[in-house]
Amino acid sequence: AHEGATCDLLGKIYLNGESFQPTCKLQCICMDGAIGCIPLCSDDLRLPSPDCPNPRRVKFRNKCCEEWVCEGGSEENHLGTAMAVFREDPAHKPELNNLQENCLVQTTEWSACSRSCGMGISTRVTNDNPQCRLEKETRLCMVRPCDFPMEKTKKGKKCVRTPKPRQSLHFEFSGCTSSRSYRPRFCGSCSDGRCCTPYLTTTADVEFRCPEGDFFHRKMMFIKMCSCHYDCPRDNDIFLATYHRRMIGDHV
């Protein structure tokens with residue numbers, strides 16, 4: 001029987017299948033030499049709103065996780081911050097409802113793709129909707145195919161940053177295939193230990209057709225530029241990575 005490899009975290013050895021908490025914010029498990037962790041504290045985002053114009057995270061003495069609190073401040077400051085979400089001079093557009101025309105759109109950057117190769121998910125928070133309500137938005141993303149061939153670097157260079165596939169390809173998702181073919185840019189590789197990740201991206205609507213004849217549309221990331229850096233996920237973990245880079249793009 002295969003016993004499974006142990007895990008080494010900061011000099012402490014954990015057995016295969018052992019569950020542990022390296023900090024009060026993480027619950028981890030050793031899985032055959034790799035460490036997988038889930039956060040015990042929420043990593044949510046809170047933008048200013050009329051009922052909470054100046055939110056900030058506060059660390060309380062007897063609690064592990066930081067919590068959101070709404071600061072009061074002066075009445076003048078309170079109103080000024082609240083107007084960051086709703087316009088002072090509403091635009092008069094008869095086709096929009098009152099909430100939409102007074103809404104000042106706020107959108108976060110896209111999160112890093114959930115997978116380093118193959119199809120993954122990227123998320124952001126936006127209030128660009130008829131209710132002017134903060135909601136999580138998702139899109140498909142592919143940093144590189146898992147079978148993407150390693151490109152040769154030019155003389156004097158150590159990284160191939162943003163290569164294009166030689167042939168067009170169809171995206172696959174949930175057993176369905178994109179209706180048209182694409183020649184997207186992907187992030188390349190480096191020979192000096194750096195990793196390359198998307199830096200500048202855009203989002204487009206992609207139609208997928210399924211073998212049964214059904215079809216659906218999904219938003220998908222398309223890479224414009226990648227950046228190469230040393231802030232890479234660690235080899236000995238699955239989820240517990242120092243890597244928290246975000247992608248920019250798609251702002252009006």
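All heavy atoms count here, side chains included; hydrogens, waters and symmetry mates do not.
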Exercise for review: Indicate yes or no: does E137 engage R139 in a salt bridge with an N to O separation below 4.0 Å.
Suggested key: no
Practice item. For atom CZ of F216, decide whether the heavy atoms of other residues, nucleotides or ligands shown that lie under 6.0 angstrom number more than 12. Key: yes
Check your understanding: If you draw a 6.0 Å radius around NZ in K12, do more than 12 non-hydrogen atoms from other residues or ligands fall strictly inside?
Key -> no
Considering only the SG atoms, does [X] lie under 2.5 Å from [Y]?
X: C141; Y: C113; result: yes
X: C190; Y: C159; result: yes
X: C226; Y: C187; result: yes
X: C7; Y: C30; result: yes

Examine distances only and state if a side-chain atom of [X] and a backbone atom of [Y] form a donor-acceptor pair shorter than 3.5 Å.
X: S174; Y: C176; answer: no
X: D32; Y: A5; answer: yes
X: T108; Y: V125; answer: yes
X: S114; Y: I121; answer: yes
X: R161; Y: G188; answer: no

Rounded at 0.5 Å granularity, tell me how far [atom1] in [X] sits from [atom2] in [Y].
X: M31; Y: S19; atom1: CE; atom2: OG; value: 10.5 Å
X: T201; Y: I223; atom1: OG1; atom2: CD1; value: 8.0 Å
X: R218; Y: E207; atom1: CZ; atom2: CD; value: 12.0 Å
X: H170; Y: R209; atom1: NE2; atom2: CZ; value: 12.5 Å
X: R115; Y: C146; atom1: CZ; atom2: SG; value: 5.0 Å
X: Q21; Y: C37; atom1: CD; atom2: SG; value: 10.0 Å

Does a side-chain heavy-atom distance below 4.5 Å link [X] with [Y]?
X: F186; Y: K164; answer: no
X: L40; Y: C64; answer: no
X: E172; Y: T177; answer: yes
X: F60; Y: V69; answer: yes
X: R194; Y: H229; answer: no

Considering non-hydrogen atoms only, spot the tightest contact between [X] and [Y] and give its length.
X: L26; Y: P39; answer: CD2-CA, 4.0 Å
X: N127; Y: Q106; answer: OD1-N, 2.6 Å
X: C196; Y: V160; answer: SG-O, 4.3 Å
X: S178; Y: F208; answer: N-CD2, 3.6 Å

Check your understanding: Do you reckon V143 sits in the same ILVMFWY cluster as M119, going by side-chain contacts under 4.5 Å, direct or chained?
Key -> no
Check your understanding: When clusters are formed by joining ILVMFWY residues with side-chain heavy atoms under 4.5 Å apart, either directly or through shared neighbours, do M142 and L169 land in the same one?
Key -> yes
Point to revise | Working for side chain to side chain contact (heavy atoms under 4.5 Å, CB included), residues W110 and M221 | key: CA-CA 10 Å; W110 287 103; M221 172 194 82; over 6 Å; no
Practice item. Please state whether the rings of F222 and Y182 are parallel, tilted or perpendicular, taking 30° and 60° as the class boundaries. Key: tilted
Practice item. For the pair Y14 and F20, name the ring-plane relationship: parallel under 30°, tilted 30 to 60°, perpendicular over 60°. Key: parallel
Practice item. May I have the step-by-step check of disulfide (SG to SG under 2.5 Å) for C24 and C65, ending in yes or no? Key: CA-CA 8 Å; C24 64; C65 303; over 6 Å; no
